Amino acid sequence: MKVQQSAAEAQTLDVARMKALPLAKQETLAVALLTQQYGHTLDDVTEMFIKRMRHLHYQAREALLQHHLESQERADIMSA
């Protein structure tokens, strides 16, 4: 919760106001903001990965269904 508050504070500051703060406070706010942004980036990458895997899974399922249909057609032709 503290990191989120610090990150929110860092987002509201411009460069001049940030430089007016003590160095330790500047570093704390910068690290909090970077930590939050890193977390958001990981979430976004994970979401993209999941969507890609769902798409690949769907394509594989469709390919398997097509294979079953073609195999059934060949079996029907051979038994006729």
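By convention here, the first residue in the shown sequence is residue 1. Every value quoted in this text rests on a predicted model; they were computed, and no experiment measured them.
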Over all atoms of both residues, closest heavy-atom pair of Ser6 and Leu29: O-CD2, 3.3 Å
Taken to the nearest 0.5 Å, the spacing of Gln36 CD from Gln5 CD works out to 11.5 Å
Verify the distance criterion only: is there a donor paired with an acceptor across the side chains of His68 and Gln72 at less than 3.5 Å? no
Shortest non-hydrogen contact from Leu13 toward Arg17: CD2-NH2, 3.3 Å
Go through Glu47 and Asp43 one step at a time and tell me if the side-chain contact (heavy atoms from CB on, under 4.5 Å) criterion holds. CA-CA 6 Å; Glu47 187 175 329; Asp43 290 345; over 6 Å; no
For the NZ atom of Lys51 and the CZ atom of Arg54, what is their distance to the nearest 0.5 Å? 8.5 Å
Distance col, row Leu69:CG vs Leu64:CG, nearest 0.5 angstrom, shows 9.5 Å
Nearest 0.5 angstrom please: Asp76 CG to Met78 CE, how far? 11.0 Å
When you check the gap from the basic side-chain N to the acidic O, do Arg74 and Glu70 get nearer than 4.0 Å? no
Quick one: pull up NZ in Lys19 and CG in Asp14 and give me the separation to the nearest 0.5 Å. 10.5 Å
Is Met53 atom CE crowded by more than 12 heavy atoms from other residues, nucleotides or ligands, each under 6.0 Å away? yes
Cluster question for you: counting only ILVMFWY and a side-chain heavy-atom cut-off of under 4.5 Å, with indirect links fine, are Tyr38 and Val3 together? no
Distance in Å, Asp44 CG paired with Gln37 CD, rounded so as to fall on 0.5 Å steps: 9.5 Å
